[in-house]
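To start, the structure under review is shown below, and the notes come after it.
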Amino acid sequence: MLQGGFIFLVALLYIGLLFAIATYGDRRAEQGRSIISSPYIYALSLAVYCTAWTFYGSVGRAASSGVGYLPIYLGPTLTAVLWWMVLRKMIRISKVYRITSIADFVASRYGKSSGLAALVTVIAVTGGVPYIALQLKAISVSFQVLSGRPTPTESLLDDTALYVTLALALFSILFGTRHLDATERHEGLVAAIAFESLVKLPAFVAVGLFVTFGLYGGPADLFGRALSRPEFRRLLTMEEALGPGAYGQWFWMTLLAMLAILFLPRQFQVAVVENVDERHLRKAIWLFPLYLWLINLFVLPIALAGLMAFPGGQVDADMFVLAIPLAHGQELLALLAFIGGFSAATSMVIVATVALSTMISNDLIMPILLRIRFLRLAQRGRLTGLLLGIRRGGIVLVLVLSYLYFHAIAHAYALVSIGLISFAAVAQFAPAILGGMYWRRGTRAGALCGLIAGFLIWGYTLPLPSLVDAGLLPVSFIENGPWGVGWLRPYQLFGLEGFDPISHALFWSLLFNAGLYVGVSLFTQQRVEELLQARAFVDVFRLSGRPGEATWRGTAYVSDLQQLLRRFLGKKQADEALRPVLAQGGGTVTATAEVVQHAERLLAGAIGSASARVLIASVVKEEPLSLREVMDILDETQQVIAYSHELERKSAELERATRELQAANERLKELDRLKDEFISTITHERRTPLTSIRAFSEIMHANPNLPEVQRQEFLGIIIKEAERLTRLINQVLTLQKLESGTVELNLEPVRMQEVIEEAVEAIQPHVQFNEIALTVSMPETPCYVLGDRDQLVQVLLNLLSNAVKFCNPEDGRIAVRLLVEPDRVRVDVEDNGPGIAPEDQATIFDKFRQVHTSTGRRPPGTGLGLAIAQRIVQHHHGRIWVESEPGHGATFSFTLPRLPASDGTTQPVRDTVRLNP
Amino acid sequence: MTRARLVALFVLGLLLMNFPLLSLFSRERLLLGMPVLYVHLYGVWALVIGLLIWLMERRRTTPPEENP
């Protein structure tokens, strides 16, 4: 066994290390070289979620209810998925309006209401104290287990928890309330918290690895041995482990944890207030769930190993993490585990007390002080000291309350049960906050009614019955209800049975809370301030970055505002914060509305929005705006925003039109270039036949006595050249008709076999002349397309004559194939010519786009055949393309939509081969 | 677009971690030597984390949308 004094020394050394880290963090922040400005530090600080409850309590819960500990971590994982929308909005709102606590967030949204601020603070403190007590209990019990002391000591001075509490109070005071700041960020504190997260995870994983791989031969061995005992088998299934209503309980726990991760005051503190940069969220969104996953990985193995090692409940399952290493003589590992649990507990206590003390001072005490002794307070000198004093008092108060709670009640409860009660308390913030962020209509009255109802039901159904276990209320209170009224039984309110206490409390409290929030909001009117704030919250992304509208009217002097700010922030800070706005606004004597609003926000950062409102109103002469006027201003802004959206839209349209015009211009230029080429080709192509016609005519004209044979020969040439000319002109005309769309297709069902046969027939003389082998393969079953027969023959003819032209002159081969597919027919014309380079394949169907041969000569022909073929196929809703590999011939293919066969069957393809010559 | 994908991932996670899909894995059986319920829950959890990494860390071609 380790000596109690030694353990205590280690704990104190650890706290000393925290002090050192926090001091370093604060010093770096003062130098402007923040060490916490990193998404990793941010994610680690979020892991303050994992407290002693996680470190010790999860194992305890797993020992009694299998995977029942998991919803507490699955819920936050699910919420993290939505953080990019929800948490980012909370951060943005808080940054823009300098909100420094969750109470201030609610109060600010509902018209800077000090009543709401106080209510939220009361709920948060009431819910928070048991949770902090839980940590103290864990520290105390873990100390006892590690030092081998069987029972809690009677003497207060002997109690470790007391000294630890004092040390933590000192830490929180030093690093949580060092100075008053308009942003209320504590870099040193965050650095220490992030460090603690780096301690507790390895510590827990180390114990997990020791148990799983040290004591057993891996997870399979551990599970196999545990489950060979029938009494542990019940931990395997939901129904057995969690009892009846397992899935309902599971769902409510998940929901509870989903809300807790957003609304626990300490989570709000680290996730929102201490956030350095919104973009850190992007990494934290997955890092934080990953952290949870890792720290939970060995919970069930440790629980099972503990159950096997200590049968019959000799050791509290909450302490298995320490007890197992101790039982195996691993004192160092046990000490590490103790430090891990200690770090989990202390980090929670530190952040929670700082967050709660900020609320207590800004949202509870200050508004009351300002109200009671208002005149005197406003005239006193510097108030920084007073504020910090209140905060320090708040820290001590929270810790004292927690310590008392721990001694009075907490010892009777498992860690998890206490934590869940706290979770259920902060879940009450959900309707007011989520509603407030996304629903403009939510009113202060609605939020107030919902919160009060939720809080009362929570108090009645969870902490109140726990007094029975502590012996402060009779058992009949739970069993028969107060005064024997059955429907008031706290665990079966209104007779609702079949729920476990947490689900039951959560259901009723959230039902009344959300119901009243929505219901009352729908029947109450927002005041001016509420209306403005509702809009500021809901539309924060749209509004931030735009100049705020002047929703303030009155007379204010810069010197008055400056005086006020200096009293709360100190001279240096106040002047620095005001300078940019003053420089911008130019106002030196009388303050513009903008300066007044900026000053109010600065003040809100230090003392809360409700108090800031009251204080600003005390130094300026306000002319209250009527609801009508505010509506007008808002409408105007709305119009400006709408107008700017309209402008953006128009400019986008303009840009698009410009792009289209540019594209059209390019196209025109290209067409112009093609036209030039066209004319030059036409001229060239026409001149050749014309030249020969003319030459031969002249010969015959000049020599009337030419022999008849020769005359006949010359006339033959003239006729042939004239025909060629006609053909060229016809092709140009055809193409022109096709392109202008004036061609009329004579559509009818056409049998593709006929088309191919006709085209092959027509090309036959050329094929024979060039000694080319032409093979045709097509199915026997007739297949039909809807088309113009002559035009389709033309397509094929053009492809064939192209193939003939480019065929290998020595050993020419052309293959024509008809392929029938379910909904289309495809024709391939393959040659074994030189092929087409890839870069030419895309343009081969353009007019006159003849591919130049390797000798640089233009190949024979007009260069219109393929263009015509393409246009015709396109008119038939088909597709035409070429596949070729240079040196290995080319295959021109086209497809056409197929007409369904009359008999509806497709017969197997049988080749009919004709060989030529 | 990222928003819609995140919401879809949330719904997916919620479905896989709750009744009735969860009840399919509530069996007294072992998978890879571990209880099937345990494997399922940690597996789905890891899947959600993996998809989150993919969604948040992909090279972004468009700046993140401003208006959630």
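Here is the naming used below: chain letters follow the sequence lines, and residue numbers restart at 1 for every chain.
Residue B/Leu6 touches chain A through both its backbone and its side chain, counting heavy-atom pairs closer than 4.5 Å. Heavy atoms of A/Asp221 lying under 4.5 Å from chain B are absent altogether. Neither the backbone nor the side chain of A/Leu235 comes within contact range of chain B; no heavy atom of the residue lies under 4.5 Å from a heavy atom of that chain.
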### Task
Show the numbers, then the answer: is there a side chain to side chain contact (heavy atoms under 4.5 Å, CB included) between A/Glu239 and B/Ser26?
CA-CA 8 Å; A/Glu239 296 80 356; B/Ser26 177; 2.7 Å; yes

### Task
Starting from the C-alpha separation in whole Å, work towards a yes-or-no answer on side chain to side chain contact (heavy atoms under 4.5 Å, CB included) for A/Met238 and B/Phe19.
CA-CA 10 Å; A/Met238 295 279 296; B/Phe19 187 80; over 6 Å; no

### Query
Step by step, would you call A/Met85 with B/Arg3 a side chain to side chain contact (heavy atoms under 4.5 Å, CB included)?
CA-CA 7 Å; A/Met85 284 77 89; B/Arg3 282 181 61 210; 3.7 Å; yes

### Message
Would B/Thr2 and A/Trp84 count as a side-chain hydrogen bond (donor to acceptor under 3.5 Å, both in side chains) here? Give the steps.
### Response
CA-CA 9 Å; B/Thr2 306; A/Trp84 192 244; over 6 Å; no

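Comparing B/Leu51, B/Val44, B/Ile49, B/Leu30 by how many heavy-atom pairs each has under 4.5 Å with chain A, the most go to B/Ile49. Heavy-atom pairs under 4.5 Å with chain B were tallied for A/Leu297, A/Val86, A/Leu290; the largest tally goes to A/Leu297. Of the listed residues (B/Pro35, B/Gly13, B/Ala46), the greatest number of heavy-atom pairs within a distance under 4.5 Å of chain A belongs to B/Pro35. Of the listed residues A/Thr77, A/Leu78, A/Leu300, the one with more heavy-atom pairs under 4.5 angstrom with chain B than any other is A/Leu78. Each of B/Leu32, B/Val36, B/Leu22, B/Val48 has some count of heavy-atom pairs under 4.5 Å with chain A, and the biggest count is that of B/Leu22. Taking B/Leu9, B/Leu14, B/Ile53 one by one and counting their heavy-atom pairs under 4.5 Å with chain A, the maximum is reached by B/Ile53. Interface remark: of the candidates B/Phe10, B/Trp45, B/Tyr38, B/Phe25, B/Trp45 forms the most heavy-atom pairs closer than 4.5 Å to chain A.
Between B/Glu28 and A/Arg234 no salt bridge is recorded (no basic side-chain N to carboxylate O distance below 4.0 Å).
Ring geometry for A/Trp293 against B/Tyr42 counts as perpendicular: the plane angle is over 60°, on a 0 to 90° scale with 30° as the lower cut.
Atom CZ of A/Phe223 sits about 7.0 Å away from atom CE of B/Met34, to the nearest 0.5 Å.
No side-chain heavy atom of A/Leu236 sits under 4.5 Å from any side-chain heavy atom of B/Leu37. Using a 4.5 Å cut-off on side-chain heavy atoms (C-beta onward), A/Leu70 and B/Met17 make no contact.
A/Lys283 and B/Glu57 make their closest contact through NZ-OE1, 3.3 Å (heavy atoms, listed as atom of the first residue, atom of the second, distance).
Residue B/Arg29 places its CZ atom among 12 or fewer non-hydrogen atoms of other residues, nucleotides or ligands, all under 6.0 Å distant.
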